[in-house]
*Asks:* 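Dropping a structure here in structure tokens format, bear with me for questions.
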Number of protein chains: 2
Amino acid sequence: MATGRTHRPATRSRGIPEATVARLPLYLRALTALSERSVPTVSSEELATAAGVNSAKLRKDFSYLGSYGTRGVGYDVEYLVYQISRELGLTQDWPVVIVGIGNLGAALANYGGFASRGFRVAALIDADPAMAGKPVAGLPVRHTDELEAIISDNGVSIGVIATPAGAAQQVCDRLVAAGVTSILNFAPTVLSVPEGVDVRKVDLSIELQILAFHEQRKAGEENTPSPVPPRSGAAVRAAAENRKGPDGDVPAVMPA
Amino acid sequence: MATGRTHRPATRSRGIPEATVARLPLYLRALTALSERSVPTVSSEELATAAGVNSAKLRKDFSYLGSYGTRGVGYDVEYLVYQISRELGLTQDWPVVIVGIGNLGAALANYGGFASRGFRVAALIDADPAMAGKPVAGLPVRHTDELEAIISDNGVSIGVIATPAGAAQQVCDRLVAAGVTSILNFAPTVLSVPEGVDVRKVDLSIELQILAFHEQRKAGEENTPSPVPPRSGAAVRAAAENRKGPDGDVPAVMPA
DNA sequence: TCTTGTGAACCGATTCACAGCT
DNA sequence: AGCTGTGAATCGGTTCACAAGA
């Protein structure tokens, strides 16, 4: 990595670990709840419990932001809410576009958590001309033709893709060409983007498959004598040759 | 962690790294696409590109499953599809329930990728009596009262929570009490579950906040002389005392 | 000759444990 | 006395680079 490394003398060097960044929203949510209950201060232990992490991790995370706590006391809730909000960039507002207003896109448009916390739905975009003009979540759906204009008119830098998998890459390309540099992808495809563009993926079926893996594991522990019979290299090859698995024909596995 | 450590003599020890498990669905998707195009074999390099990872990682991942490739040739697509499917537990089918049939729940119910790949929507459940009986995605919505019966009648072990945040924990408790041991949570809350229950979280607003963080970082690199003015401990304390941030009053940050 | 499979080095993140401050 | 902040140890995961094998 050849980042110009801002040579700061003694103070905290920029560069918060990615894992920490991913937890800041969690802390922020917990802190916001405390703030609403007018709790003035909170210890790392209490806050960690509320956020579902352990206290050492939380303290280390906060230490990357600066020394915002008070030894012997804890953290000032309001102050921390502000610091984390600022660190995450939530003190400014981010216009976002949602592309693909099917069931999921509509659900996202209606999702309340979207509007709060500095995010604002600037436009809903769909390729279906029949959708154009229809109001969804109080906004008229715009046609894909307008995509570039919408992005630049609103200074949109974050795009949400909720199209079918087949359309995702080309929508992505258009978003990027129009100036979007952060993408949240709900379509079950790998998107390729140029350097400098961030993509985050939310994939229902991947999550379910991960759960199924562990679920199967649990079931196996209870009643299987040997969880999976280990197979020798020879057996493996043989099975590969005649398209057979250890327990019968290879089943037709469904496409994504 | 006090897992009984199954002492297997020489053969591959059980225990696929979590990071690897999380990528198996990705490989499976890429392989399924190749399979549909009747591609017989694939090299680690090609498959890695299709799945959006690097080839060394992919080979290491596969090595945990066994020696399923052929040196100098690559991997047999059909065979690998089957092996990964089996490893993930997709050769059996998993009945799932979706609780909370609002916009999101309905979108999930309609999501095609759900039905394929061994997952079957056993029931849609909602607390609103007015919803009961209404068909969503071809299934009648059932009332929450029936939750326990539905779980046990259908042998459901995977539950999807798409309720508002406030209801999520109690729905979770009921699911777990009824026998569910894997939960996919779309509600923006930390769920607490007993040992042995897996929870995976999908959280739109967290993903957006992470993107915003990086987006802000990008913007800062272009035009800010010094990204964030470093603040001394004294200044920090002072700010905390009078509820002030470095650039004004602490703004009212929205709740989740 | 080509591509897999894997030790070994490396790197980031988590946990431990305690010094430092209130 | 109590709780934060952080070096040091540890762990899990990634990358490197090459030996093994088709």
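In what follows, chains carry the letters A, B, and so on, assigned in the order in which the sequence lines appear, proteins first and then strands, with residues in each chain numbered from 1.
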*Asks:* May I have the distance from B/I16 (atom CD1) to D/dG13 (atom P), rounded to whole angstrom?
*Replies:*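 From B/I16 CD1 to D/dG13 P: 12 Å.
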*Asks:* Does the A/T32 side chain pair with the main chain of A/L28, one donor and one acceptor, at a distance under 3.5 Å?
*Replies:*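 Here the side-chain-to-backbone pair exists.
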*Asks:* With sugar-phosphate meaning primed atoms plus P, OP1 and OP2, does B/F62 contact a base, only sugar-phosphate, or nothing at under 4.0 Å between heavy atoms?
*Replies:*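 Nothing: the residue B/F62, judged by heavy atoms under 4.0 Å, touches no strand.
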*Asks:* With no hydrogens and no angle check, is any side-chain donor or acceptor of A/S85 less than 3.5 Å from a backbone partner on A/V81?
*Replies:*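 Yes: the side chain of A/S85 pairs with the backbone of A/V81.
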*Asks:* Of A/Y27, A/F62, A/Y79, which is the lone residue that meets ring pair (Phe, Tyr, Trp, His ring centres under 6.0 Å) with A/Y68?
*Replies:*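 Passing option: A/Y79.
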*Asks:* In whole angstroms, how far is the C1' atom of C/dC21 from the OH atom of A/Y68?
*Replies:*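 Rounded to whole Å, this separation is 19 Å.
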*Asks:* Heavy atoms only, 4.0 Å cut-off, all strands: where does B/E18 land among base, sugar-phosphate and nothing?
*Replies:*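 Result for B/E18 = sugar-phosphate.
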*Asks:* Is there a side chain to side chain donor-acceptor pair (under 3.5 Å) between A/Q169 and A/T189 once you walk through the steps?
*Replies:* CA-CA 8 Å; A/Q169 182 64 59; A/T189 334; over 6 Å; no
*Asks:* When you match A/G72 and A/T20 each to their closest nucleotide on DNA chain C, which lands nearer the 5' end?
*Replies:*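 Here A/T20 is the residue nearer the 5' end.
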*Asks:* Where the side chain of A/K57 is defined as all heavy atoms beyond and including C-beta, which of C/dT14, D/dT4, C/dG5 is the nearest nucleotide?
*Replies:*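 Closest nucleotide among those given: C/dT14.
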*Asks:* If you assign A/R59 and A/V73 each to the DNA chain C nucleotide with the nearest heavy atom, which residue ends up on the more 5' nucleotide?
*Replies:*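 Between the two, 5'-proximity favours A/R59.
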*Asks:* Going by modelled atom types, is there a donor-acceptor pair between the base of C/dT22 and the side chain of A/R71 at under 3.5 Å?
*Replies:*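 Absent.
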*Asks:* Whole Å only: how far is the CG atom of B/N54 from the P atom of D/dC16?
*Replies:*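 Checked: the CG to P distance equals 7 Å.
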*Asks:* Which one, D/dC3, C/dA13, C/dT22, comes nearest to the side chain of A/T70?
*Replies:*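 It is C/dT22.
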*Asks:* Out of C/dG7, C/dT14, D/dG5, which has the shortest distance to the side chain of B/K60?
*Replies:*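 Among the listed nucleotides, the one closest to the side chain of B/K60 is C/dG7.
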